[in-house]
Protein chains: 2
Amino acid sequence: MNETTLCPRLAKAMDLIGKRWTGLILYQLLDGPQRFNEIESALPVSGRLLSERLKELEKEGLVERKVYSEVPVRVEYSLTEKGQALEGAIRNIETWATGWL
Amino acid sequence: MNETTLCPRLAKAMDLIGKRWTGLILYQLLDGPQRFNEIESALPVSGRLLSERLKELEKEGLVERKVYSEVPVRVEYSLTEKGQALEGAIRNIETWATGWL
DNA sequence: ATCATAAGTTACTTTTTGTAATTAAATATA
DNA sequence: TATATTTAATTACAAAAAGTAACTTATGAT
């Protein structure tokens, strides 16, 4: 086990995307801003992990969180420019999936 | 938690790629056929998980395993056409990583 | 017989996930 | 006043996956 010449940025990207549910959450957000429950309903992910993943993605600047003080509260998540920039990669995976799986 | 209309192929693709080390292993194999120890040295993955991941990828038809009965034995792993077809997605992630991380 | 080497596998600990119940905040209703 | 509703989480605990290091297997050279 060593890290020799592995590009740290690629390693970080793969670590982010290669985390369970992250890819699907980003894919879901390509459809536009969505609230917590919408994402939870669209994917087979539990609230616990969805919350955790969204926090990570927000911290990494891929996702933005907006709170609307309505009743009951509404929280919307959307892709930032940085997150949106992953669309090509995600669409590529989608295309591969339909062609090879 | 439900699965509503989520595309099963995309879900499977994300499950494959979204498994720790899988993305980097595939990326490494884009350089051409490599033996077990080469991959292990190039990435911060342990032999235990590398072995497990390569088995999964072989089972899914993305990677081919060839044994050369030399002394000591040589085992080479390479991408199949199906695995190679992921190059676009992987390169896309690489580009994103260098641009945004 | 002993050693060397590549490619794993095993045993054991730590971390991450899955699941379900619970909480917080802000009203509306009985 | 007390209870109910709804969204967005958080907590507690069990199960699964990952990290680490030592061990095994196969084959032939010394």
Side-chain angles (χ1 to χ4, degrees), chain A residues 1-4 6 8 11-26 28-29 32-60 63-79, chain B residues 1-4 6 11-29 32-60 63-79:
Chain A
M1 189 188 253
N2 73 64
E3 296 198 29
T4 56
L6 175 62
K12 182 170 182 181
M14 288 296 189
D15 188 53
L16 254 175
I17 297 176
K19 222 162 215 166
R20 217 165 215 166
W21 307 119
T22 302
L24 286 175
I25 291 168
L26 293 172
Q28 188 63 28
L29 287 175
Q34 281 167 74
R35 49 204 303 189
F36 191 89
N37 276 340
E38 285 183 272
I39 306 173
E40 194 180 11
S41 299
L43 305 175
V45 64
S46 69
R48 184 174 104 45
L49 279 202
L50 179 56
S51 173
E52 199 171 284
R53 288 297 179 273
L54 287 169
K55 258 185 217 162
E56 292 164 6
L57 291 171
E58 196 191 355
K59 194 180 113 208
E60 293 296 330
V63 160
E64 190 185 9
R65 179 176 183 271
K66 266 190 191 156
V67 180
Y68 298 87
S69 296
E70 303 172 355
V71 161
V73 69
R74 177 162 61 102
V75 179
E76 274 194 356
Y77 292 89
S78 57
L79 294 178
Chain B
M1 188 188 254
N2 73 63
E3 298 197 27
T4 55
L6 175 61
K12 182 170 184 181
M14 288 296 190
D15 189 53
L16 254 175
I17 298 177
K19 222 162 214 166
R20 219 165 212 167
W21 307 119
T22 301
L24 286 175
I25 292 168
L26 294 173
Y27 175 79
Q28 188 63 27
L29 288 175
Q34 281 168 73
R35 48 205 302 190
F36 191 89
N37 276 340
E38 286 182 272
I39 306 173
E40 193 179 12
S41 299
L43 304 175
V45 64
S46 69
R48 184 172 104 46
L49 279 203
L50 178 55
S51 172
E52 198 170 284
R53 287 297 179 272
L54 286 170
K55 258 186 217 160
E56 291 164 6
L57 291 171
E58 196 191 355
K59 194 179 114 209
E60 292 297 329
V63 161
E64 190 185 9
R65 178 178 184 268
K66 266 190 191 155
V67 180
Y68 298 86
S69 295
E70 303 171 357
V71 163
V73 69
R74 179 161 59 103
V75 179
E76 275 193 354
Y77 293 90
S78 57
L79 294 179

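Numbers restart at 1 for each chain; the letters A, B, ... are given by sequence-line order, proteins then strands. Below, all heavy atoms of this structure are taken into account, side chains as well, without hydrogens, waters or symmetry copies.
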Dot-bracket encoding per residue of DNA chain D, Watson-Crick/G-U cut-off under 3.5 Å, | denoting interstrand: ||||||||||||||||||||||||||||||
Does some side-chain heavy atom of B:Glu56 sit less than 4.5 Å from a side-chain heavy atom of B:Glu60? no
Nearest-Å distance, CD (B:Glu70) to P (D:dA29)? 13 Å
With rounding to the nearest 0.5 Å, note down the distance linking CG in B:Leu50 to CZ in B:Phe36. 4.0 Å
Selection residues 64-74 of chain B - residue pairs positive for salt bridge (charged side-chain N to carboxylate O under 4.0 Å, His left out), sequence neighbours left out: B:Glu70-B:Arg74, B:Arg74-B:Glu76
Between B:Glu38 and B:Arg35 (side chain of the first, backbone of the second, donor and acceptor by atom type, cut-off under 3.5 Å), is there such a pair? yes
Checking side chain to side chain contact (heavy atoms under 4.5 Å, CB included) for the pair B:Leu57/B:Leu79: CA distance, chi angles, key distance, verdict? CA-CA 9 Å; B:Leu57 291 171; B:Leu79 294 179; over 6 Å; no
Partners meeting side chain to side chain contact (heavy atoms under 4.5 Å, CB included) with A:Val73 (sequence neighbours left out): A:Val67, A:Val75
Atom pair distance, as rounded to whole Å: CH2 in B:Trp21 and C1' in D:dT20: 13 Å
All N/O contacts under 3.5 Å from nucleotides 8-17 of chain D to the protein, with atom names and distances to one decimal?
| residue | atom | partner | partner atom | Å |
| --- | --- | --- | --- | --- |
| D:dA8 | OP1 | A:Arg35 | NE | 3.3 |
| D:dA8 | OP1 | A:Val75 | N | 2.9 |
| D:dA8 | OP1 | A:Val75 | O | 3.3 |
| D:dA8 | OP2 | A:Asn37 | N | 3.1 |
| D:dA8 | OP2 | A:Asn37 | ND2 | 3.3 |
| D:dA9 | OP1 | A:Arg65 | NH2 | 2.6 |
| D:dA9 | OP2 | A:Tyr77 | OH | 2.5 |
| D:dT10 | OP1 | A:Lys55 | NZ | 3.3 |
| D:dT10 | OP2 | A:Ser51 | OG | 2.9 |
| D:dT10 | OP2 | A:Lys55 | NZ | 3.0 |

Residues that A:Lys55 engages under side chain to side chain contact (heavy atoms under 4.5 Å, CB included), provided they are two or more places apart: A:Ser51
Going by salt bridge (charged side-chain N to carboxylate O under 4.0 Å, His left out), name the pairs with one or both residues in residues 13-28 of chain B, residues two or more places apart or in two chains. none
Between A:Val71 and A:Leu49, which residue's closest nucleotide on DNA chain C lies nearer the 5′ terminus? A:Leu49
